[in-house]
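The chains referred to below are lettered A, B, ... by the order of the sequence lines, with proteins before strands, and numbering in each begins at 1. Computed from a prediction, not measured in an experiment: that's the story for all the values here.
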2 protein chains.
Amino acid sequence: MTTSITAVDVTTVQERVYRELRGALQQGRLVSGQSMTVRALARAVGTSEMPVREALRRLIAEGALIQAPNRSFQVIPMTPDRLVELTRVRVALEGMAARLATTNVDQELIETLTRLNAEMREAIEPTRADDVLRANQEFHFTIYRAAKSPQLLELIDMLWLRSGPYLADMLRGRMDAREIFRRGTVVHGRLIRAMARQDADGVARALTLDMERTAEFSMKHLTATATRPRRAAIAA
Amino acid sequence: MTTSITAVDVTTVQERVYRELRGALQQGRLVSGQSMTVRALARAVGTSEMPVREALRRLIAEGALIQAPNRSFQVIPMTPDRLVELTRVRVALEGMAARLATTNVDQELIETLTRLNAEMREAIEPTRADDVLRANQEFHFTIYRAAKSPQLLELIDMLWLRSGPYLADMLRGRMDAREIFRRGTVVHGRLIRAMARQDADGVARALTLDMERTAEFSMKHLTATATRPRRAAIAA
DNA sequence: TGGATCGATCTGTGATCACACGCAGCGGCA
DNA sequence: TGCCGCTGCGTGTGATCACAGATCGATCCA
């Protein structure tokens with residue numbers, strides 16, 4: 001489903017905890033700024049503290065979590081500055097990946113993208129937030145995988161993990177976020193057509209537009225809810 | 001000295017081990033492909049296994065190490081494909097950082113860069129490899145820090161950690177690598193002048209040239225020593 | 001004498017225990 | 001009655017122990 005950063009052949013407990021937390025972050029079940037403790041997570045997943053610690057350490061290294069000084073672990077809070085930076089880097093890297101992908105276009109890729117975009121469109125109106133986000137992510141990563149550059153894919157994956165929690169939380173909170181995703185599917189269509197004719201510039205242009213629109217909307221939402229403290233339940 | 005990715009206020013043992021391993025990687029004391037065990041490292045640094053495991057987990061998450069299936073940890077071996085990918089991404093990100101830095105130029109920055117470039121030049125002829133690499137890295141990161149973008153800096157830092165071990169090892173192994181660094185100092189001079197007149201294009205151009213020359217040389221070295229097995233002593 | 005098999009050892013992984021420390025809540029003192 | 005200090009408690013961190021499995025070497029048999 002999602003791309004794995006450092007795959008381990010045998011499925012270990014630490015790996016399972018890591019994926020669980022990662023999924024929770026991507027689906028917005030762990031919101032920006034939320035804190036958690038090692039012991040609570042260990043109890044929640046039914047293991048000892050050790051695998052949890054290693055999983056948290058990985059997520060910290062990937063920039064998805066931070067460790068407050070002598071305090072518990074928490075999801076990195078999103079700030080306007082951070083959003084600007086993330087968007088800037090993402091535009092560069094994802095644009096590069098999309099350009100590379102145009103050299104590896106085949107019929108199956110176009111069909112997959114078309115199908116995923118349709119799935120996303122159909123999930124918007126009923127506001128099935130999880131499905132929208134999943135289809136959107138799968139759409140983008142289908143392109144990035146087609147770039148056939150593991151290093152690049154890994155970095156992009158890391159950046160999505162950093163902005164994912166906030167994005168997911170935002171989609172849940174605001175009904176008008178649907179408008180952004182609806183317009184996203186239109187841009188996606190333009191992207192697919194550019195991809196079909198292997199138009200690197202066109203693909204990059206559509207992708208950039210997609211990202212910057214989302215970022216612009218996120219920024220408005222972010223400044224509107226800037227100081228609102230969040231305290232969600234620890235669900236894992 | 002070097003930029004830290006995820007700083008923790010209180011210096012913990014795990015943090016110390018992490019920095020030690022990181023330094024060993026950057027200085028080439030741990031060469032590409034070398035394997036290590038948790039217990040051996042723990043003995044070497046005089047601690048228990050636990051801090052070592054967490055430090056290794058971090059480095060794996062950062063893409064500096066990998067874990068062979070059911071085997072020990074090892075430094076990711078450099079391959080031609082990997083080198084091409086890393087260079088491509090680095091050109092994009094470091095170029096972006098350098099462009100951003102041109103908007104934050106001041107007299108101190110120019111002086112620092114000039115000094116570091118001189119230090120590097122003076123360390124080449126006596127082949128003080130460590131000093132050359134340190135000055136070179138400090139030169140580059142002085143620029144990247146001036147971009148004032150933590151996210152960008154963090155990613156660049158990660159990429160240097162991935163290519164550092166191989167670079168350091170190469171400089172040690174080949175005397176003619178000095179020629180590359182000597183030419184590098186010339187390009188650095190051009191870069192400094194472009195930086196002084198806030199010429200973003202000029203800075204990016206010089207930087208790209210610097211990186212691609214090094215990559216080209218590395219590629220020759222890599223294909224020449226492709227299948228040579230390395231087995232260095234575990235020094236930590 | 002050569003090859004196959006068995007076992008000892010080493011390795012990563014997970015669990016449990018011990019400890020220092022920060023924080024909050026309660027009680028004592030002025 | 002209000003303020004200050006102390007003491008549990010929870011928390012992250014590190015050490016130690018237990019276990020499964022893979023690897024490599026030695027020994028034994030044909």
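One can place CD1 of B:I60 at 10 Å from P of C:dG12, the figure rounded to the nearest angstrom. Whole-Å rounding puts the B:L65 CG to C:dG12 C1' distance at 15 Å. Between the CZ atom of B:R16 and the C1' atom of D:dG14 there is a distance of 12 Å, rounded to whole Å. The separation between A:R43 atom CZ and D:dG12 atom P is 11 Å, rounded to whole Å. The nearest whole Å value for the distance from the CD atom in A:Q74 to the P atom in D:dT11 is 15 Å. Distance A:L56 CG to D:dT13 C1': 13 Å, rounded to the nearest Å.
Under the ring pair (Phe, Tyr, Trp, His ring centres under 6.0 Å) criterion, B:F181 pairs with no residue, sequence neighbours left out.
Applying the ring-ring contact (aromatic ring centres under 6.0 Å, His included) test to pairs two or more places apart or on separate chains, those with a residue in residues 158-177 of chain B are B:H140-B:W160, B:F141-B:W160, B:Y166-B:H221. Evaluation of the ring-ring contact (aromatic ring centres under 6.0 Å, His included) test over residues 77-98 of chain A, restricted to residues two or more places apart or in two chains, returns none. Within the structure, salt bridge (Lys or Arg N to Asp or Glu O under 4.0 Å) pairs that include any residue of residues 72-81 of chain B do not occur (at least two apart or interchain).
Taking 4.0 Å as the cut-off between side-chain N and carboxylate O, A:R58 and A:E15 count as a salt-bridged pair.
The phosphate of C:dT13 (OP1 or OP2) has a side-chain N or O of B:Q67 nearer than 4.0 angstrom. For D:dG12, neither phosphate oxygen OP1 nor OP2 lies less than 4.0 angstrom from any side-chain nitrogen or oxygen of A:R57.
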Every protein N/O within reach of nucleotides 15-18 of chain D N/O, cut-off under 3.5 Å:
residue : atom : partner : partner atom : Å
D:dA15  : OP2  : B:S48   : N            : 2.8
D:dA15  : OP2  : B:S48   : OG           : 3.0

Please tabulate, for side-chain N and O atoms in residues 212-220 of chain B, each donor-acceptor pair with protein atoms closer than 3.5 Å (sequence neighbours left out).
residue : atom : partner : partner atom : Å
B:T214  : OG1  : B:D210  : O            : 2.9
B:S218  : OG   : B:T214  : O            : 2.8

